[in-house]
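Below is one structure; the comments refer to it alone.
Throughout, protein chains are lettered first and strands after them, A, B, ... in sequence-line order, and every chain is numbered starting at 1. Note that this is a predicted model, so its numbers are computed, not measured.
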Protein chains: 4
Amino acid sequence: MSSTRKPNPARRSERSRKAVLAAARELVSELGYAKVTIEAIAARAGVGKQTIYRWWPSKGAVIFDSFLALSEGEEGVRLPDTGDIEADLRTVMRATVAEFADPAFETPLRALNTQIIDDPDLAGLYREKLAGPLDQAKKERLRSAQRAGQLRADADLDLVLEVLYAPLYQRWLHRSGPLSPEYADALVDVALRAFAP
Amino acid sequence: MSSTRKPNPARRSERSRKAVLAAARELVSELGYAKVTIEAIAARAGVGKQTIYRWWPSKGAVIFDSFLALSEGEEGVRLPDTGDIEADLRTVMRATVAEFADPAFETPLRALNTQIIDDPDLAGLYREKLAGPLDQAKKERLRSAQRAGQLRADADLDLVLEVLYAPLYQRWLHRSGPLSPEYADALVDVALRAFAP
Amino acid sequence: MSSTRKPNPARRSERSRKAVLAAARELVSELGYAKVTIEAIAARAGVGKQTIYRWWPSKGAVIFDSFLALSEGEEGVRLPDTGDIEADLRTVMRATVAEFADPAFETPLRALNTQIIDDPDLAGLYREKLAGPLDQAKKERLRSAQRAGQLRADADLDLVLEVLYAPLYQRWLHRSGPLSPEYADALVDVALRAFAP
Amino acid sequence: MSSTRKPNPARRSERSRKAVLAAARELVSELGYAKVTIEAIAARAGVGKQTIYRWWPSKGAVIFDSFLALSEGEEGVRLPDTGDIEADLRTVMRATVAEFADPAFETPLRALNTQIIDDPDLAGLYREKLAGPLDQAKKERLRSAQRAGQLRADADLDLVLEVLYAPLYQRWLHRSGPLSPEYADALVDVALRAFAP
DNA sequence: CCCTAAACGAGACGGTACGTCCGGTCTTGAC
DNA sequence: GTCAAGACCGGACGTACCGTCTCGTTTAGGG
């Protein structure tokens with residue numbers, strides 16, 4: 001019926017798949033999302049263009065996949081739990097601030113955000129595969145704090161996470177203010193005060 | 001000698017300028033940022049491509065300008081001040097939530113965000129011309145609340161705004177949760193609790 | 001040593017061979033030489049591409065072979081010999097004209113010619129396998145006429161054949177004039193006058 | 001309505017047109033018709049592909065045009081007329097044989113023939129622009145011979161030309177025999193005998 | 001009669017060129 | 001001198017085939 005003949009994944013070349021994802025990652029880092037072309041990815045990967053079009057529906061999907069592949073090996077992340085939620089949150093938030101400030105993450109991270117803004121499907125994948133697992137780990141730590149009576153028992157943990165991370169995310173995305181350790185601390189203060197028992 | 005001859009703005013055709021911005025706005029609404037082309041804008045506006053390249057440096061600049069033009073007429077915004085900061089914030093936040101949920105804003109607003117993520121210059125312009133004035137108005141209302149003893153006197157008002165708006169913004173951008181009046185209220189609660197005197 | 005392992009013709013699948021040649025013939029008739037692809041031949045024949053590349057060196061060779069196969073069964077052609085060379089030649093030339101004018105021969109015959117123009121090897125094969133035997137039969141009849149004193153004894157029979165057929169061939173190839181029975185007769189007249197004893 | 005927007009020939013770049021035709025001629029000589037690509041022509045000519053697709057419908061048309069351009073300047077050809085038709089024909093036919101035997105003409109001439117075989121439109125153009133004028137000149141000389149009583153008065157001059165040239169053409173195209181001065185002479189003999197008064 | 005090597009159908013692969021689209025520059029003629 | 005129009009060079013797009021290269025699956029002949 002349709003002209004869309006579907007390829008047989010069993011015969012897919014693992015070598016090509018990895019080469020494409022690696023090339024995509026490199027090119028995004030070097031040029032930024034907008035300037036990466038499928039032709040360049042194919043050339044860098046030593047792969048025919050058709051091999052890319054056979055397995056991915058769009059440039060965005062390739063590049064997104066290259067991000068997914070990065071965190072493929074990472075097993076269940078586990079956040080520090082010293083029993084002191086304030087100290088632990090400061091540690092984690094300061095680390096997050098440092099990560100956002102790292103120029104090496106800048107370009108690919110902006111590329112990732114550019115994509116999920118305009119593509120609901122990719123946004124869903126992002127939540128499911130990248131943000132989700134991390135959020136689960138964070139909420140696990142928060143639940144532990146709730147049990148320890150350091151956080152209000154009826155606090156909406158999704159909301160807590162948003163209050164902690166969304167301001168940081170927005171500052172980074174809009175470049176609307178400095179990303180300093182003090183800022184990380186300030187966000188922790190806000191959250192703990194708002195959700196204190 | 002150089003080819004960079006700068007045009008004389010005094011002779012600029014107002015008719016063309018408006019037609020270009022209107023065409024840009026329409027096309028972004030219809031197609032989304034990525035699918036809009038300069039050729040299409042020129043064709044729809046009944047304008048030569050050169051006329052666009054003469055006055056704008058890039059597609060992004062044209063489209064961004066078309067947003068700026070929208071709020072050109074708006075004089076200094078003034079937020080409600082009934083004396084009750086909680087009630088006023090709920091009003092404003094519920095209105096903001098409603099705006100974000102309006103499908104008519106969806107496409108152009110995502111277009112705008114796509115641009116400022118990748119272009120620091122546009123991001124600066126955005127803060128200066130669009131976000132800035134609105135933030136000033138909001139902070140004015142918060143200062144009034146500080147004077148009334150409803151907010152901690154030493155509260156960092158930029159941070160207050162971020163705690164109020166960034167979670168909402170992030171939910172919308174990532175489609176990571178529902179945008180409801182209850183959510184608006186919850187954010188107001190969080191902010192007021194965190195910055196209560 | 002080399003990677004060019006030569007296949008064993010004894011194990012060749014007769015079924016595949018016939019299917020390929022039939023598919024080639026059909027496709028040339030339907031699309032013309034230029035638009036036929038090896039992939040299409042393989043698909044139509046229900047054969048893997050490698051099976052074609054294993055037994056033929058090029059698309060041209062396959063298609064040429066599909067012509068050869070047509071005349072495979074034809075045993076030694078024998079032209080009419082009533083004793084009257086003029087009458088016999090008219091008969092044969094009129095038949096040839098009719099054949100050239102038949103639309104069913106048009107496409108494949110032009111395909112055949114396209115190939116032998118650019119490929120000396122195929123041209124040689126053509127002369128040896130297709131044109132040659134027919135020319136021998138024609139020359140046999142001419143020799144009979146020589147013995148009967150109807151043609152100059154020292155006439156170069158290859159030249160006689162060319163004078164008879166080349167104008168017809170050229171008209172057909174270049175579509176430079178009508179192919180009518182009268183034209184056939186005119187060519188016979190010319191040849192007989194030129195090579196009369 | 002249609003997507004076929006027609007370009008304005010008045011604005012056509014003469015520089016580009018000439019560069020394309022020159023590049024086409026060179027590439028055909030170097031590679032032969034089949035191996036020439038539009039991309040290669042564009043690259044060699046320093047021209048965008050679209051500029052070719054804008055003005056020519058196909059590769060064949062470009063290459064054919066490059067042949068036409070060669071004979072653009074040539075004014076009315078005039079054949080020798082010493083009063084002796086046999087001597088004049090020998091001169092012309094021997095020259096033609098020499099031309100066909102010249103390797104420099106081989107490749108482009110075969111390219112030209114490949115094209116007109118499969119494309120009736122190009123064949124028509126060929127007859128009108130290239131073969132036609134030359135044939136007119138030849139027939140002029142033959143008419144002169146008729147007036148001088150050296151050729152039968154009622155001879156069909158198109159047929160005379162065919163008897164002279166088609167055998168030569170066919171031998172060259174099929175590589176079916178030697179192209180020698182003697183062969184040229186033989187053809188002249190045949191024609192004169194066939195059409196003698 | 002089974003074993004095994006080759007030929008087979010299928011189709012993924014690295015490539016080349018296709019014909020189209022658009023970016024950004026340049027040219028023309030109207031105003 | 002700006003404008004609408006649009007031709008230009010360049011280059012990426014997504015598609016179609018090329019000829020090569022695995023994959024299992026027949027298949028046929030020699031042991």
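The interatomic distance linking A/Lys6 (NZ) with E/dG11 (P) rounds to 13 Å, in whole Å. C/Asn8 places its CG atom 14 Å from the C1' atom of E/dC8, with the value rounded to the nearest Å. When the C1' atom of F/dT2 is taken as reference, atom CZ of B/Arg15 falls 13 Å away, rounded to whole Å. When the P atom of E/dG24 is taken as reference, atom NZ of A/Lys35 falls 10 Å away, rounded to whole Å. As a whole-Å value, the separation of A/Arg12 CZ from E/dG14 C1' is 16 Å. In this structure, the CD atom of B/Glu14 is 14 Å from the C1' atom of F/dT2, given to the nearest Å.
When the salt bridge (Lys or Arg N to Asp or Glu O under 4.0 Å) test is applied to A/Glu106, the partners found at least two apart in sequence or on another chain are A/Arg110, A/Arg175. For C/Phe67, there are no ring pair (Phe, Tyr, Trp, His ring centres under 6.0 Å) partners, not counting sequence neighbours. D/Lys129 meets the side chain to side chain contact (heavy atoms under 4.5 Å, CB included) test with D/Leu68, D/Leu125; sequence neighbours excluded. Remark: B/Tyr33 engages no residue in a ring pair (Phe, Tyr, Trp, His ring centres under 6.0 Å) (not counting sequence neighbours). Under the side chain to side chain contact (heavy atoms under 4.5 Å, CB included) criterion, C/Thr37 pairs with C/Glu39, C/Ala40, sequence neighbours left out. Checked against side chain to side chain contact (heavy atoms under 4.5 Å, CB included), A/Arg12 has the following partners two or more places apart in sequence or in another chain: A/Arg17, A/Trp55, A/Trp56. Taking D/Arg11 as the reference, D/Asn8 meet the side chain to side chain contact (heavy atoms under 4.5 Å, CB included) condition, with sequence neighbours excluded.
Remark: B/Ser16 is not in phosphate contact with F/dT2, judged by side-chain N or O atoms under 4.0 Å from OP1 or OP2.
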Any N/O pairs under 3.5 Å between the protein and nucleotides 23-26 of chain F? List them or say none.
none

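Of all the residues in residues 37-59 of chain C, C/Thr37, C/Ile38, C/Glu39, C/Lys49, C/Gln50, C/Tyr53 reach under 4.0 Å from DNA chain F with at least one non-hydrogen atom.
Side chain of B/Lys49 to main chain of B/Ala42: no donor-acceptor pair is present (N/O by atom type, distance under 3.5 Å, no hydrogens or angles). Between the A/Arg44 side chain and the A/Ala23 main chain, no donor and acceptor come within less than 3.5 Å of each other.
Of the residues near DNA chain F, D/Ser13 and C/Val36, the one whose nearest nucleotide (by heavy atom distance) lies more toward the 5' end is D/Ser13.
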